[in-house]
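Side chains are part of it too, since the values below use all heavy atoms of this structure and drop only hydrogens, waters and symmetry mates. By convention in this document, chain letters (A, B, ...) are assigned in the order of the sequence lines, proteins followed by strands, and residues within each chain are numbered from 1.
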Protein chains: 2
Amino acid sequence: MTSYNAPVKDMQFLLHEVLKISASDIPGYADLDEGFTAAVLDEAGKVASEVLAPLNAVGDREGCVLENGVVRTPKGFDAAFKAMKEGGWTALDCDPDYGGQGLPYLVNTAVGEIFVSANMAFNMYQGLTHGAYSAIHTHGTAEQKAKYLPKMVSCDWTGTMNLTEPHCGTDLGLMRTKAEPQADGSYLITGQKIFISAGEHDLAENIIHLVLAKAPGGGEGTRGVSLFIVPKVLVNEDGSLGARNAVSCGKLEEKMGIHGNATCVMNYDGARGWLLGELHKGMKAMFTMMNEARLGVGLQGYAVAEAAYQNALAYAKDRLQGRAVTGAENPNGPADPLIVHPDIRRNLMEQKSFVEGARALTFWGASLIDAAHRKGDAAADGLVGLLTPVIKGFQTDKGFEMAVQAQQIWGGHGYIEEQGMSQFARDARIAMIYEGANGVQALDLVGRKLAQDGGKHVMAFFEMVKAECKAHEAEPRMAEYTSPLKAASKQMQAAGMFFMQNGMKNPNAALAGSYDFMHLMGHVCLGLMWTRIARAALTALDEGRGDAAFLRTKLATARFYMTRQLPACMLHLARIESGAEPVMALEAEAF
Amino acid sequence: MTSYNAPVKDMQFLLHEVLKISASDIPGYADLDEGFTAAVLDEAGKVASEVLAPLNAVGDREGCVLENGVVRTPKGFDAAFKAMKEGGWTALDCDPDYGGQGLPYLVNTAVGEIFVSANMAFNMYQGLTHGAYSAIHTHGTAEQKAKYLPKMVSCDWTGTMNLTEPHCGTDLGLMRTKAEPQADGSYLITGQKIFISAGEHDLAENIIHLVLAKAPGGGEGTRGVSLFIVPKVLVNEDGSLGARNAVSCGKLEEKMGIHGNATCVMNYDGARGWLLGELHKGMKAMFTMMNEARLGVGLQGYAVAEAAYQNALAYAKDRLQGRAVTGAENPNGPADPLIVHPDIRRNLMEQKSFVEGARALTFWGASLIDAAHRKGDAAADGLVGLLTPVIKGFQTDKGFEMAVQAQQIWGGHGYIEEQGMSQFARDARIAMIYEGANGVQALDLVGRKLAQDGGKHVMAFFEMVKAECKAHEAEPRMAEYTSPLKAASKQMQAAGMFFMQNGMKNPNAALAGSYDFMHLMGHVCLGLMWTRIARAALTALDEGRGDAAFLRTKLATARFYMTRQLPACMLHLARIESGAEPVMALEAEAF
């Protein structure tokens, strides 16, 4: 059996020593002092360890069951969901006008990590609701907001996003679901949507579906797509529940993981819906939520890896097998613990340095979203747009890889379902796929984000890295972090240059290297994070603040990342610079 | 639903154009002409596509069931097993003295790939039997061989290997299973073994367990371990079956994958066993089968990836999504097939170049085993010993990675169990763990094999690579393959040098880089294979032999591997040369 403890100490260090949030001028950040965030994170950690983590294996084993159109969630999910609602955890960063607590998105992100680590599948019911909340909050009329948001903030009603159809996922222009306008201003929605997470379940009295569909007159492709609010149960003028709408769950998918979450085929048979946002601008409305949703999936990548790491570490310290090559370290026992072996240590350090670096990147990304939303910082908005495909794509690839490495430490026991390590790998796998498969993230990054606004966001990123390195020039102890970062950043610039010089003549020359570029940039981002962490640790050590032993682990982990992981940038650059020819040489027919 | 077609054309090219087997002086190879191997492979392919592949999903879904001590295999397995026996597929390379067909191990390897691709879990029943057959064949008395082998060659009786116990897997010195000598020369075996593949099932009338146990007087650790033959049903003098032995299956494990194979907890409660080989030399007896067993697992790595690749490719050609960035390629359809997108092409080329390269390496390894066994070639024996941890560790890591990439091409559908792509990833995962976890392979490679016999096998490997490059100096068309190979080989030499110079002072300096070295060497091996393949393809093209379009795909795939995959060597070298410090800096307590 696996267990989970929230890494509150690490989060506190990140929030207050690295990001220094309470000194930030982002509205609302001044209130986030150490005592406040510690209280929130400790309490979230308690819920996670005591309520959510014990249900993780239950959800995996039992899964959801569809009977007569009703979906039963696993045993214990209902009570846990009530506990989440009662604790106010669903409302943290929501608008106080609708019952939210108005806290920054960053706080929600830190708490979200804790809940996802403890039980990813369970947390999706709330996570999807939050996404739908944001969409209505941003694009809804005053009436729509008043009608739906208070119940969604409290999670008395949950939400969904309906994009995918059997024949189209990435290419939504092929969509067939139709919306027919009615005389009263509503629409009748007809079509089938698949892969709808939390599409039907027994945790809430209503489910507010957001559905992309084609209304007449919008033209071909994605231009004709609009977004609709389609409640499972119609809501009366007075807010009470009315008749059941013509929407139903046709099937539950059996999946590789996240069994605790109901992945539904949803049938819309002339279901009544109301336009959300502008007619024929449904894609645009969806995309405004994209950064947040993708950041949330990038978070899942490392949050599941964190849980897997904790259990790999515990096993490595506990399991006795073999002797240290440098002499017995547990001479009175029958063997030494696994952790004495260098290759086990390598594996653990790869996990640790990834998870902590990704946490820093994600928290930073969340703070940029706060800066964009709370003080209208356009540069922050542009930067987080650039970082989003990296956070989503790189972190979920690596998160899965690290969950697999954690499983490996358990040897044969890692392959046995009862032990729980397989679940982490199976759950983490979906994050590479949904919310835009990682190949699509790479395409978004190289095909769109790099050149956006004349390339100014990537230029700003390079300037930021340069400034970070320059700021520590006078500090010789920082050279071991800044020198590799500088080299990696130059490799990233060279890759960008290659795209500029070759992508014009042949766009495939850029796209063939897009996946490598996403990973290259991911490493540069984590290198930047580890440089900032190292600087913060050195400062705290110099000033005699905090736990010195803990701070020194940050320096050692930063050093590991710089020497063992950052060199991956040169490999990605070499691949990128080989261009399109090796990739595209074979005709499709020749495969 | 997935499907599978044996890559007979590719195998034939490898056997006859690259390895040129029928011109080899290895006894038995002269008979392996093109017509013969084509007939064998075609027939195996038919069994695989028609009988085994359709049962792959069935086995995954149904799994095995334990009731009242009896294990039921999935529906259809029994009939398929009968078909395998009747077709003579279990006896291909077995000794004719015991009913085998006496074919080279290489033929068994090629056929084995086909069966594993079609149904890995099913094929393990036969694979384990072959391992036990080899152990008895090598170490058994004339009487033991006569008693057990004929029935094992025909798979009327199957076999198992019993090493692992709940508290020890890698470190078998901790073993607790006891063997008490009896007056009649037999032993009573008492203890519990876990993770016993095919430990109990309904496919055969008897199961011959090979069990490691400690007999009195052998001393501490692995020195006290002996190997015993413990039949499930005792065998009378006349070969008929007698009483049931005191061995039983206590539990079936629920696993991440290979559900069709019964993974058993086996309880030995004073079961009667007979010593196999020398007393207290059980580990040695096990190790003599190691190369073959580990080569077999390395084969599983790429064989499952081959099946996954075939289905990823079919989906990429079929699924319409988006448009080629260089202009519509399917202008009359609603969208272009996935395969037009450069990142999909990159993904497919990575799979293709790995699988074909690994097949070449595995076939070559099998031919070295034949050279060692059939003509006593000591150099071949030493070389295959060096290659074995690479074939096992590198190929199973990459095989899993590629199965995951194949799944990725299916997008959300890849995560749905019904579609079958998840099973490839889940099945492939075990190959990284069993038969020595891959970290142990890396330890075997760097801690043992590199320095074995004064390092002469690795020196011979370097010489072989050098000779390969030199042989093509006069051929300018080969430079694009030999130049990167030369560079990669130099990086491997530099890594070996680093180990020599630093490993003496601090063994951790070598072991911290062992995993990277295993991958570095894996890439050099595949680079060598692709060089040989390219040379063979050019020769055949020049001489007007074979299918020119097919031969040109080999050149394009070789080029892809050289430009996009081989550069990984420089990354592995950089990691290795960073030494032990970054890996070992944190004390165990500081994690």
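The CG atom of A/Asp171 sits 9.5 Å away from the CG atom of B/Asp336 when rounded to the nearest 0.5 Å. To the nearest 0.5 Å, atom CG of residue A/Leu348 and atom CZ of residue A/Phe560 are 9.5 Å apart. Separation of atoms CE (A/Met584) and CG (A/Asn508) is listed at 4.5 Å; rounding is to 0.5 Å. Within the model, atoms CG of B/Asp60 and CG of B/Asp427 stand 6.0 Å from one another, a figure rounded to the nearest 0.5 Å.
The contact between B/Lys255 and chain A is made by backbone and side chain atoms together, counting heavy-atom distances below 4.5 Å. Contact annotation for B/Ala549: neither backbone nor side-chain heavy atoms come within less than 4.5 Å of a heavy atom of chain A. Interface residue A/Ala512: backbone and side-chain heavy atoms are both found under 4.5 Å from chain B. With a 4.5 angstrom heavy-atom cutoff, A/Thr557 touches chain B only via side-chain atoms. Only the side chain of B/Ala425 comes within less than 4.5 Å of a heavy atom of chain A; its backbone N, CA, C and O stay farther away. Looking at B/Ala442, neither its backbone nor its side chain comes within 4.5 Å of chain A, counting heavy atoms on both sides. Residue contact with chain A, scored on non-hydrogen atoms closer than 4.5 Å, involves the backbone and the side chain of B/Leu586 alike. Contact of A/Thr553 with chain B is made through backbone and side chain together, with heavy-atom distances under 4.5 Å. Contact annotation for B/His572: neither backbone nor side-chain heavy atoms come within less than 4.5 Å of a heavy atom of chain A. Interface residue B/Val404: backbone and side-chain heavy atoms are both found under 4.5 Å from chain A. Heavy-atom distances place both the backbone and the side chain of A/Ile258 under 4.5 Å from chain B. Contacts of B/Pro337 with chain A are absent, with no heavy-atom separation under 4.5 Å from either backbone or side chain. Interface remark: B/Asn438 contributes backbone and side-chain atoms alike to the contact with chain A (heavy atom separation under 4.5 Å). Heavy atoms closer than 4.5 Å to chain A are found in the side chain of B/Phe400, but not in its backbone. Looking at B/Phe591, the atoms closer than 4.5 Å to chain A (heavy atoms on both sides) sit in the backbone and in the side chain alike.
In this structure, A/Glu165 pairs ionically with A/Lys193, as a charged nitrogen and a carboxylate oxygen lie closer than 4.0 Å. Salt bridge A/Arg345/B/Glu587: absent, no basic N to carboxylate O contact under 4.0 Å.
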Might you work through the side chain to side chain donor-acceptor pair (under 3.5 Å) test for B/Glu350 and B/Gln405, ending with a clear yes or no? CA-CA 9 Å; B/Glu350 289 183 3; B/Gln405 286 193 193; 3.1 Å; yes
Evaluate the criterion salt bridge (Lys or Arg N to Asp or Glu O under 4.0 Å) for residue pair B/Glu589 and A/Lys317; output intermediate values, then yes/no. CA-CA 9 Å; B/Glu589 301 71 38; A/Lys317 287 181 168 181; over 6 Å; no
Output, in order, the C-alpha distance, side-chain angles, deciding distance and verdict of side chain to side chain donor-acceptor pair (under 3.5 Å) for A/Tyr309 and A/Asn347. CA-CA 10 Å; A/Tyr309 167 69; A/Asn347 183 336; over 6 Å; no
Let me see the working for A/Thr170 and B/Gln321 under side chain to side chain donor-acceptor pair (under 3.5 Å), right down to the final yes or no. CA-CA 7 Å; A/Thr170 301; B/Gln321 209 79 176; 4.8 Å; no
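Of the residues considered (B/Ile433, B/Ile194, B/Ile576), B/Ile433 shows the highest number of contacts with chain A, using heavy-atom pairs under 4.5 Å. The most heavy-atom pairs under 4.5 Å with chain A, out of B/Arg575, B/Arg564, B/Met349, B/Glu417, come from B/Arg564. Looking only at heavy-atom pairs under 4.5 Å with chain A, the residue among B/Gly414, B/Ala585, B/Pro166, B/Ala510 that has the most is B/Pro166. Note on A/Gly412, A/Gly579, A/Gly439, A/Ala335: by heavy-atom pairs under 4.5 Å with chain B, the leading option is A/Gly412. Of all the listed residues (B/Thr563, B/Ile339, B/Ile416, B/Leu511), the one sharing the greatest number of non-hydrogen pairs under 4.5 Å with chain A is B/Ile416. Interface check for chain A: of the options B/Arg319, B/Met562, B/Met421, the most heavy-atom pairs under 4.5 Å are formed by B/Arg319. Interface remark: of the candidates A/Leu555, A/Val583, A/Leu313, A/Ile409, A/Val583 forms the most heavy-atom pairs closer than 4.5 Å to chain B. Of the listed residues (A/Thr263, A/Val325, A/Ile430, A/Thr164), the one with the most heavy-atom contacts under 4.5 Å to chain B is A/Ile430. In terms of heavy-atom pairs under 4.5 Å with chain A, the best-connected choice from B/Met570, B/Gln408, B/Arg426, B/Arg323 is B/Gln408. Comparing A/Asp516, A/Leu172, A/Leu443, A/Thr326 by how many heavy-atom pairs each has under 4.5 Å with chain B, the most go to A/Thr326.
A donor-acceptor distance shorter than 3.5 angstrom exists from the side chain of A/Gln441 to the backbone of A/Gly436, with no hydrogens or angles considered.
When the shell of 6.0 Å around CD of B/Glu254 is examined, it contains 12 or fewer heavy atoms from other residues, nucleotides or ligands.
Under the 6.0 Å distance and 45° angle rule, B/Arg429 does not count as a cation-pi partner of A/Tyr415.
Relative ring orientation between A/Tyr315 and A/His413 is described as tilted, the plane-to-plane angle lying within the 30° to 60° band.
Two residues are said to be in side-chain contact when any heavy atoms from C-beta on lie closer than 4.5 Å; A/Leu445 and A/Ser514 fail this criterion.
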